[in-house]
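Please read the structure below before turning to the comments.
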Amino acid sequence: MYIAQQLRKSNIAEYLLYMWQVEDIIRAFDCSLSRIRREYIDRFDYTDEQKEEEADWFGNLIRMMNSEGCREKGHLQINKVTMQQLEELHVQLLNSPKFPFYNAEYYKVLPYIVELRNHGADKKENEVETCFNSLYGVMVLRLQKKEISTNTQHAVKEISTFIGMLNDYYLKDKQEPLEFE
């Protein structure tokens, strides 16, 4: 909860990846709050009050996952809405002549998006989500200490730069709405 709150304010891209990880943590503990409390939350150096707040947060997420049907896979509606906001901003940036550097970065990363979609990515997901899925997949591979090919490392570096630009524009837009025309 504390990490999510901080990331939501400072880096929406990292926030979203973190929340996807939290969803997977919940699934790894079979959506059991008692297990999460005992085997996960208790490992942190939190006060009893902080542990209780963290457990409440996880409990709410578990309830949402159960009611939204994403106990086994998929993402919470709160995360889908954030993704949708990023996709809408992405489209606005692409359609505006005021953001040529964003456009240039997009066209630099577009071949990777196409390749990802040709290699099994869900063709119904938007381009931004394809980028996030690749970043999340590589993050999981790193956590599992699995080898990542040079080509994949290069693609992820380019995708990270692109998503970083989108993140920066998102934060700027939240502080003072961007003008697209």
So, are [X] and [Y] salt-bridged, with charged N and O less than 4.0 Å apart?
X: R35; Y: D30; result: yes
X: E72; Y: R27; result: no
X: R37; Y: E52; result: yes

Is the closest side-chain heavy-atom distance between [X] and [Y] below 4.5 Å?
X: T47; Y: K51; result: no
X: I78; Y: L61; result: yes
X: E105; Y: F99; result: no
X: V114; Y: L110; result: yes
X: E129; Y: E87; result: no
X: E14; Y: L17; result: no
X: T82; Y: R8; result: yes

Original post:
More than 12 non-hydrogen atoms from neighbouring residues, nucleotides or ligands closer than 6.0 Å to NZ on K108, yes or no?
Top reply: no

Quick check for you: to the nearest 0.5 Å, what is the distance between [X] atom [atom1] and [Y] atom [atom2]?
X: D168; Y: I163; atom1: CG; atom2: CD1; answer: 11.0 Å
X: Y170; Y: Y15; atom1: OH; atom2: OH; answer: 9.0 Å
X: L89; Y: L178; atom1: CG; atom2: CG; answer: 6.5 Å
X: E54; Y: Y2; atom1: CD; atom2: OH; answer: 6.5 Å
X: L93; Y: H90; atom1: CG; atom2: NE2; answer: 8.5 Å
X: N167; Y: L86; atom1: CG; atom2: CG; answer: 8.0 Å

What is the minimum heavy-atom distance between [X] and [Y], and which atoms define it?
X: I148; Y: Q153; result: O-NE2, 2.8 Å
X: C70; Y: G74; result: CB-C, 4.0 Å
X: S134; Y: I159; result: OG-CD1, 3.4 Å
X: G59; Y: L33; result: N-CD1, 3.8 Å
X: A13; Y: F132; result: O-CE2, 3.5 Å

Could you tell me how the ring of [X] sits relative to the ring of [Y]: parallel (under 30°), tilted (30 to 60°) or perpendicular (over 60°)?
X: Y169; Y: Y102; value: perpendicular
X: Y18; Y: W57; value: parallel
X: F44; Y: Y40; value: perpendicular

Original post:
Side-chain donor-acceptor pair under 3.5 Å between R63 and N60, yes or no?
Top reply: yes

Subject >> E127-Y106 side chain donor-acceptor pair, cut-off 3.5 Å >> reply: yes

Original post:
Under the side chain to side chain donor-acceptor pair (under 3.5 Å) criterion, do Y112 and H154 qualify, and how do the steps go?
Top reply: CA-CA 10 Å; Y112 301 116; H154 179 71; 3.0 Å; yes

**OP:** Decide yes or no on side chain to side chain contact (heavy atoms under 4.5 Å, CB included) for M65 and E23, but give the supporting numbers first.
**Re:** CA-CA 8 Å; M65 287 175 76; E23 291 169 341; 4.3 Å; yes

